[in-house]
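What you see is a predicted model; the values in this text were computed from it and never measured.
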Amino acid sequence: QVQLVESGGGLVQVGGSLRLSCVASGRTISNYAVGWFRQAPGKEREFVGGISRSGGNTYYGDSVQGRFWISRDNAENAVFLQMNRLKLEDTAVYYCATSAYVQKFENQYSYWGQGTQVTVSS
């Protein structure tokens with residue numbers, strides 16, 4: 001089993017920045033590609049972005065392209081989501097999850113964190 005814990009969420013003003021962390025325990029995170037997803041009230045879960053095992057490949061959803069950046073530090077057993085130029089529509093609960101390879105299909109991710117709330121306000 002692998003346990004994932006997200007942190008770093010909070011209340012941010014429009015245009016601000018926030019960095020989320022996803023830290024794994026139970027197994028080294030280097031064994032997995034990691035995806036970030038988000039879910040706003042009344043909406044379906046949305047793929048934010050993902051990063052390959054080595055960190056050599058990253059992919060982003062259209063809504064965050066150019067604003068969000070994913071990185072990983074396998075030595076620290078962590079993956080990060082840097083969010084910049086935040087918009088009101090970025091408000092959601094953000095989750096990290098593990099997969100055999102980076103992809104956007106959430107059903108292919110095996111382990112999920114508990115989520116962290118990001119609220120963007122004016």
Handout entry: side-chain hydrogen bond (donor to acceptor under 3.5 Å, both in side chains) partners of Q117, counting only residues at least two apart
Key = T119
Problem - Which residues share a salt bridge (Lys or Arg N to Asp or Glu O under 4.0 Å) with R38, sequence neighbours left out - result: E46, D90
Problem - Qualifying residues under side-chain hydrogen bond (donor to acceptor under 3.5 Å, both in side chains), relative to S99, sequence neighbours excluded - result: Q103
Handout entry: Least distance between heavy atoms, V2 atom then A24 atom
Key = CG2-CB, 4.0 Å
Handout entry: Donor-acceptor pair, side chain of E6 and main chain of L20, under 3.5 angstrom
Key = no
Completion exercise
disulfide (SG to SG under 2.5 Å) pairs touching residues 90-122, sequence neighbours excluded, are C22-C96
Practice task
Carefully, step by step, assess V34 and I29 under the rule side-chain contact (heavy atoms from CB on, under 4.5 Å).
Solution key: CA-CA 8 Å; V34 176; I29 203 167; 3.9 Å; yes
Exercise for the section: Mind checking ring pair (Phe, Tyr, Trp, His ring centres under 6.0 Å) for F80 and listing every partner two or more places apart, or none if nothing turns up? Expected result: none
Practice task
Could you tell me which residues satisfy side chain to side chain contact (heavy atoms under 4.5 Å, CB included) with V14, sequence neighbours excluded, listed by chain and number?
Solution key: L88, V120
Handout entry: Closest heavy-atom pair and its distance - A97, L4
Key = CA-CD1, 3.8 Å
Completion exercise
Residues pairing under side chain to side chain donor-acceptor pair (under 3.5 Å) where one sits in residues 10-23, two or more places apart or in two chains, turn out to be S17-N84
Practice task
For Y32 and R27, test the side chains for any donor-to-acceptor distance below 3.5 angstrom and give the result as yes or no.
Solution key: yes
Handout entry: Any donor-acceptor pair under 3.5 Å from Y60 side chain to I70 backbone
Key = yes
Practice task
With sequence neighbours excluded, tell me which residues meet side-chain hydrogen bond (donor to acceptor under 3.5 Å, both in side chains) with R85.
Solution key: none
Problem - For F37, all residues meeting ring pair (Phe, Tyr, Trp, His ring centres under 6.0 Å), sequence neighbours excluded - result: F47, Y109, W112
Problem - Residue pairs involving residues 52-85 (criterion disulfide (SG to SG under 2.5 Å); sequence neighbours excluded) - result: none
Fill in the blank from the handout: In terms of heavy-atom contacts, S121 and L11 come closest through OG-CD1, 3.7 Å
Exercise for the section: Apply side chain to side chain contact (heavy atoms under 4.5 Å, CB included) to T28 and list each qualifying residue two or more places apart in sequence or on a separate chain. Expected result: S30, N31, N77
Handout entry: Listed partners of Q1 passing side chain to side chain contact (heavy atoms under 4.5 Å, CB included), at least two apart
Key = Q3, Y111
Problem - Nearest heavy-atom neighbours spanning V23 and A78 - result: CG2-CB, 4.1 Å
